[in-house]
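First up is the structure itself, then whatever we jot down about it.
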Amino acid sequence: VIQGHHAKFLNKGQVLTKYYRWMNKNGGWVWMQTKASLIPHPTNPELKQMLCLNYIVSEVEHRGVVLGMMQLDDKPSFQPRAYITE
């Protein structure tokens with residue numbers, strides 16, 4: 001899906017995504033939609049800039065549902081480990 005939108009975006013200069021879920025910090029999610037447009041660079045006409053507008057189109061749904069570890073208040077601490085390979 002993302003690759004298709006990216007190809008369309010580069011070809012047409014703008015794209016409106018389908019609705020997608022964005023995880024809420026404390027559980028649940030909101031539905032969002034993104035509109036992206038290529039705009040000319042103000043000083044270099046050979047360059048383009050991408051402008052993205054993200055629209056939140058719902059209230060938080062299913063607040064108690066955790067979809068990822070980042071939504072937990074008591075996140076397990078990350079301990080980097082050194083691995084020795086021979």
Side-chain angles (χ1 to χ4, degrees):
V1 173
I2 293 172
Q3 287 178 334
H5 284 300
H6 186 255
K8 181 180 176 183
F9 173 64
L10 293 176
N11 187 32
K12 296 190 176 192
Q14 64 182 20
V15 69
L16 182 65
T17 67
K18 294 180 180 181
Y19 297 110
Y20 57 93
R21 291 187 300 182
W22 190 266
M23 290 192 309
N24 185 40
K25 179 179 179 181
N26 299 315
W29 60 83
V30 293
W31 287 98
M32 294 184 64
Q33 188 174 40
T34 298
K35 180 179 182 180
S37 300
L38 283 177
I39 57 175
H41 190 275
T43 58
N44 186 343
E46 294 180 14
L47 297 177
K48 301 271 187 203
Q49 297 180 83
M50 178 172 50
L51 174 67
C52 293
L53 300 174
N54 299 303
Y55 299 98
I56 298 172
V57 295
S58 75
E59 297 292 326
V60 177
E61 296 182 11
H62 303 280
R63 284 187 189 272
V65 176
V66 175
L67 300 174
M69 298 294 285
M70 296 304 296
Q71 292 177 297
L72 297 174
D73 286 333
D74 297 327
K75 299 174 191 64
S77 60
F78 176 71
Q79 299 289 331
R81 296 181 185 160
Y83 293 97
I84 300 173
T85 58
E86 295 181 31

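Since the structure is predicted, the reported quantities are computational estimates derived from the model, not experimental observations.
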Given 3.5 Å as the limit, does a donor-acceptor pair link the side chain of His41 with the main chain of Asn44, or not?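 Such a contact is found between His41 side chain and Asn44 backbone.
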Co-members of Leu16 in a cluster of I, L, V, M, F, W and Y side chains, linked at under 4.5 Å: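 Once heavy-atom contacts under 4.5 Å are chained together, Leu16 still belongs with nothing else.
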Within 6.0 Å of OH in Tyr19, more than 12 heavy atoms from elsewhere: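 Result for OH/Tyr19: open.
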Just checking Gln49: does its CD atom have more than 12 heavy atoms from other residues, nucleotides or ligands closer to it than 6.0 angstrom?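 Enclosed: over 12 neighbouring heavy atoms sit under 6.0 Å from CD of Gln49.
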Can you find a heavy atom in the side chain of Val30 that is under 4.5 Å from one in the side chain of Trp22? yes
Measure the shortest side-chain to side-chain distance between Lys8 and Asn11 over non-hydrogen atoms and say whether it is less than 4.5 angstrom.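 Of all side-chain heavy-atom pairs linking Asn11 with Lys8, none is under 4.5 Å.
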Any chain of hydrophobic side-chain contacts (each under 4.5 Å) joining [X] to [Y]?
| X | Y | answer |
| --- | --- | --- |
| Leu47 | Met50 | no |
| Val65 | Met23 | yes |
| Ile56 | Trp29 | no |
| Val60 | Tyr20 | yes |

Nearest-0.5 Å distance, [atom1] of residue [X] to [atom2] of residue [Y]:
| X | Y | atom1 | atom2 | answer |
| --- | --- | --- | --- | --- |
| Arg63 | Asn26 | CZ | CG | 8.5 Å |
| Asn24 | Glu59 | CG | CD | 11.0 Å |
| Tyr55 | Lys35 | OH | NZ | 6.0 Å |
| Arg21 | Ser58 | CZ | OG | 10.5 Å |

What's the shortest heavy-atom distance between Gln33 and Thr17, and which atoms? NE2-O, 2.9 Å
Can you list everything that forms a side-chain hydrogen bond (donor to acceptor under 3.5 Å, both in side chains) with Asn54? Sequence neighbours excluded, please.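 Expected list: Thr34.
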For Trp31, all residues meeting side-chain hydrogen bond (donor to acceptor under 3.5 Å, both in side chains), sequence neighbours excluded: Glu61
